[in-house]
Structure formats: structure tokens, C-alpha cells
A.B. asks: 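If you scroll down you'll find the structure; I have some questions about it.
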Amino acid sequence: MKKREASAAQASERALSAATHLQTLVRIPTVCPPGDAPLSAEVAQVFAAHRAAMEQAYPRVFAAAEVDEVGRAGLLLRVPGVVVDRPVMLMAHQDVVPVPEDWEAEGWEHPPFDGAIDAGYVHGRGTLDDKGALVVLMDALEGLLASGWTPARDLYLLFGADEEQHGPSAVAAVALLEERGIEPWLVLDEGGAVATGAFPGMSGPAAVIGASEKGIATIDLVVESLGGHASTPPRESAPGILAAALVNVESSPFPSSLHDLSVEMFEGLAPSLKFPLGTALGRADKLRGPLAKVMPRLGPELAAMVRTTAAITMLEGSPAQNVLATRARATLNCRIAVGSSVAATVAHLREAIDDARVKLEIVEASEPSPVSPTAGDERWDALGAAVAASYPEAVVVPYVMMAASDARHVARIAPAVYRFSPLLMDKAQREAIHGPNEKVSIESLGRGVEFYRALLTGPALGPAA
């Protein structure tokens, strides 16, 4: 009894410590501008303050580590292990998405950069994406080092500074590792979470771990015309031609199919789901065709699981209300299904638009990530064991991550890259990422610390302290 009470008290202490550290970091608004130009003095100062706060919170980690600054304020740390073989890389990003100046109109319960601790939660921008994950990782490592523990193998920590802007920090870090001949044996970055309310009819949580991620392409549709005065409009204008193209894009969804990872996810969840859904998903491998057709009708999240998507995000036309546009532009944000490609995405859009006057310009693009090993692989099993130690009630399943992460850059030099934040998130919390009222529970932070402690000291990565 006393041992259980001591363990519970220790877990509570770790959770509160993580909450305090997260509060400190949330109060530093690490919003990075787009592009790859050097940071302005003002923004650089913000990231310098964030690094200083990390160094103050985690003195043992920074004392033990060799530190390289990569890209625009990104940090690459190497904590030497007993051996250099099979190095492990753990990732998170320091930057956060911006908050509108009129954030109060969005309905925030607390100011987004106050890091308020209220009703068992830490509130604010970045608590879930991605400073919460950074903090539980660093708290776990700091505590282990304080106990005299040494990593069994080299441990790399990569904390990007411009992940939200698809910036160069992670790219620079990978180039540096490649130059040094480092090939991480296991990589873990943000992605899935311990999710509740994510699957119909499932009452318990599911720890969904990304074993791949969709590709991403930013594609501009551009139409040019002569322009002129708005009092004498032509029969077809540049914006009108562009509008017809956009209607065609939305009216021509990409073909759907069920990837092997989705099959594995559904079959893993099936025992936790009620009849008839559980029975159907338990036979997902044999029902690939019907499921791929039905899922797009059940909502945008399920639709995105089985196909490439193209979202219209930005529009540009005339600079004045009485001037005809000489150039109209729309930006498509495409998330490319695993098994497809950038080329196939562009070909589908050209066919759907079917108008030579609409030019397609690729702004940036990256192919879908390779699929990392799952069931039966010791790295996957190590992640599952760490989940079992921290969230024993959760079902562990793989999935295809639909968003983009810095991990996609590392996948080129590492054989096993996973995407998972060990934080509990219900539906409202998942919807608050990049939106108002982002928050994480203090209890979940404590469990996140336990996850990383279990991962770092497990049989695959190293003995317990």
C-alpha cells in the first residue's frame, strides 16, 4: 500500500512539474514567420528566450548534451550513450501557430499566451501542438539523468523552430546528421495521440501511432487576362475562369482506397467496437473496396483517410473594386495519400480542371513518407510497451498521419519513423489544435512523462536506472 501511495505521489509531483515548465514555455510566443530567410532580431530574441527557459528548466540535459543550432533557431542535441550503435532520435517543435489580434472574439477562455493553469489543465497556444510533447520528453530525460542514468545508446533530440511554416530547421538537421554519417534506428515525432471519441462506438482511448504520413503539395492555380476597367467586363474574366476550375476540383474527388496501415488500424480497433461496426472492421482486409467507398460519406476525417485531398486555401484577384483582374490565383493545399505521388496528384487536377487557360504551379511538394514497420518489430513493440506503462487502458494501433510533420524530412535517413504525442486528447481538444482554447490536462502531462521514462529505459532502448 505504501509503495503504491509513494508511486502515486511521485507521479503527481512529475505532472505538476511538467505543468509548471509548460506554463513557462507557453508564455514565450514562439511564432516563426514563413519562408527560409533569417529571423528578424525581434523574433530571434523570442527564440533565444525560449532556449534560455529550456536550459533553466533542464540543466542536466543541456549539461550532458552536445548542442547544434540548426536552421532558424532549431536545436539538435546529442546526449552520448554507452554505445553509438542504433541511435535514437526524439523530436518536437518549439514554434506555434499565430493567434489573431482579436483572439477574444474567438472565444478563448484564457489569454492564449498566459499559460494559465485552471481546473486541472494548462491552457494556451502550443500546449498540445507541440510544447506539451516537448516538455514531457524533457522532464522525463531530466529526471532520469538526475538519478544517475545514462542512455544505453546515443540519444538525439531535435527541436525544430519553424515546423508550422514548413521551414528549414529539420532539413538542416537531417543534412548535418547525414554529413556525420548518423542514421537513427528509431525516430519519434509528434502526430497521433491517446485519443478518445475518435471512433464511433468506442468508449476507451486509442493510442494511434503514425507509421507513415501523407505527402504534401502546395499548388497554385493561375489564370491571366488583359484586365481593364470594371465598367466593360469581358464575357469571361480571369476570376470567373478560375472559379469554374475550383468548382471542377471540388466536384472531382480523388479516387479512394484502403491502405494496409488503415486495415491494420481497423482490425486492431475491432475488438473494442460494438456490433455491427466491430464485426465489419474486423474483416477490413476482405472489405477494402466497400469500406473505401463508404468512408468518404461519413465525414471529412474519414474521407481524408482513404484518399488524396485538395483544399482551397487562398484566393487572389483584382487589387481594387473597379479594376478587372489581370491575374487570378488560388492556392490548393493537397495531402497526398500513401501509395500515390505528387505527379499523380497534378495529373488528376489537370484532368479535373480540363482548361488549358488554368496554369498549375507547384510551390512546394514532398512525397508520402515510407511506411515504418509495425507489429512484430522491436521498435514498434517498444512504443507499445511505453503506452502500456502510461496508458494501460489504451488500444495501440498504427495509422497514416494526415497532417505534415518535421519527421517527413528524417524519414529519408531513418528506417523507422513514428509520429505520436503521449498526451490524452478528446474530440474538443483535437479540434482546438490551431484554434481557440487549446489545453492539456495536468494528469496527461504526468502520463506523458511516464511514457518517455518507460520508452527510454525499456529493453529495446536501454536498462532502467
Side-chain angles (χ1 to χ4, degrees), residues 54 58 61-62 64-71 73-95 130-131 133-142 144-145 149-163 167-192 209-213 369-373 377-383 386 401 404-422 448 451-458 460-462:
M54 291 173 62
Y58 309 112
V61 175
F62 279 89
E66 302 165 2
V67 183
D68 287 293
E69 190 162 307
V70 289
L75 297 174
L76 177 64
L77 283 68
R78 172 182 172 260
V79 180
V82 177
V83 298
V84 299
D85 296 336
R86 302 202 308 180
V88 172
M89 176 178 282
L90 304 177
M91 300 172 60
H93 61 86
Q94 307 170 69
D95 59 310
D130 185 38
K131 293 185 179 182
L134 186 156
V135 161
V136 297
L137 161 58
M138 291 293 275
D139 268 52
L141 185 54
E142 182 76 10
L144 288 170
L145 292 174
W149 171 88
T150 299
R153 60 196 75 262
D154 277 5
L155 178 62
Y156 289 86
L157 309 175
L158 174 54
F159 302 133
D162 44 20
E163 187 275 346
S169 294
V171 176
V174 171
L176 184 60
L177 291 170
E178 198 168 29
E179 179 184 316
R180 294 173 178 174
I182 306 299
E183 295 183 0
W185 175 70
L186 166 66
V187 177
L188 181 61
D189 194 9
E190 65 168 338
I209 301 175
S212 181
E213 69 180 69
S369 296
V371 177
S372 297
D377 185 271
E378 63 177 319
R379 290 159 291 197
W380 175 262
D381 292 344
L383 295 175
M401 182 175 168
S405 72
D406 276 342
R408 72 188 190 279
H409 303 300
V410 188
R412 150 172 100 72
I413 64 168
V417 179
Y418 302 99
R419 301 146 182 92
F420 176 70
S421 297
F451 169 88
Y452 276 112
R453 287 178 66 90
L455 179 65
L456 289 168
T457 61
L461 273 66

A.B. asks: What's the spacing between W185 CH2 and L461 CG if we round to 0.5 Å?
C.D. replies: 6.0 Å

A.B. asks: Nearest 0.5 angstrom please: L176 CG to Y156 OH, how far?
C.D. replies: 9.0 Å

A.B. asks: For V61, does its backbone N or O pair with a side-chain atom of E142 as donor and acceptor, under 3.5 Å?
C.D. replies: yes

A.B. asks: Taking CD in E183 as the centre, count heavy atoms belonging to other residues, nucleotides or ligands within less than 6.0 Å. Is the count above 12?
C.D. replies: no

A.B. asks: Please determine whether side-chain contact (heavy atoms from CB on, under 4.5 Å) holds for the pair F159 and L134, giving the CA-CA distance in whole Å, both sets of side-chain angles, and the decisive distance to 0.1 Å.
C.D. replies: CA-CA 8 Å; F159 302 133; L134 186 156; 3.9 Å; yes

A.B. asks: Roughly how far apart are S405 OG and D130 CG, rounded to 0.5 Å?
C.D. replies: 9.5 Å

A.B. asks: Look only at the side chain of D189 and the backbone of R419, and say whether a donor-acceptor pair between them is shorter than 3.5 Å.
C.D. replies: no

A.B. asks: Any chance you could lay out the side-chain contact (heavy atoms from CB on, under 4.5 Å) test for V135 and Y58, step after step, and finish with the verdict?
C.D. replies: CA-CA 10 Å; V135 161; Y58 309 112; 3.6 Å; yes

A.B. asks: Kindly compute the distance separating CD1 (I182) from CE (M89), expressed to the nearest 0.5 Å.
C.D. replies: 9.0 Å

A.B. asks: Got a donor-acceptor contact below 3.5 angstrom from the D68 side chain to the V70 backbone?
C.D. replies: no

A.B. asks: How close do L76 and A173 get, counting heavy atoms only, and between which atoms?
C.D. replies: CD2-O, 4.4 Å

A.B. asks: Strictly distance-based, threshold 3.5 Å: is any side-chain N or O of S369 a donor or acceptor partner for the main-chain N or O of S212?
C.D. replies: no

A.B. asks: Give, for atom CE of M401 and atom CD of E190, the distance between the pair rounded to the nearest 0.5 Å.
C.D. replies: 5.5 Å

A.B. asks: Using the side-chain contact (heavy atoms from CB on, under 4.5 Å) rule, take V136 and F451 through it: C-alpha gap first, then chi angles, then the decisive distance, then the call.
C.D. replies: CA-CA 9 Å; V136 297; F451 169 88; over 6 Å; no

A.B. asks: I'd like to know if the side chain of Y418 reaches the main chain of P373, judged simply by a donor and an acceptor atom lying under 3.5 Å from each other, with no hydrogens or angles considered.
C.D. replies: yes

A.B. asks: Is a donor on one side and an acceptor on the other found under 3.5 Å between the side chain of Q94 and the backbone of A73?
C.D. replies: yes

A.B. asks: Where do P80 and P151 come nearest, in terms of heavy atoms and distance?
C.D. replies: O-CD, 3.8 Å

A.B. asks: Using every non-hydrogen atom in the two residues, find where G160 and D406 come nearest and quote the distance to one decimal.
C.D. replies: CA-OD2, 4.1 Å

A.B. asks: Could you go through the side-chain contact (heavy atoms from CB on, under 4.5 Å) check for L157 and L75 one step at a time?
C.D. replies: CA-CA 8 Å; L157 309 175; L75 297 174; over 6 Å; no

A.B. asks: Would you name the heavy atoms of S421 and G191 that are closest together and state the gap between them?
C.D. replies: OG-N, 3.9 Å

A.B. asks: Measure the spacing between CG of L141 and CG of L456 and express it to the nearest 0.5 Å.
C.D. replies: 6.5 Å

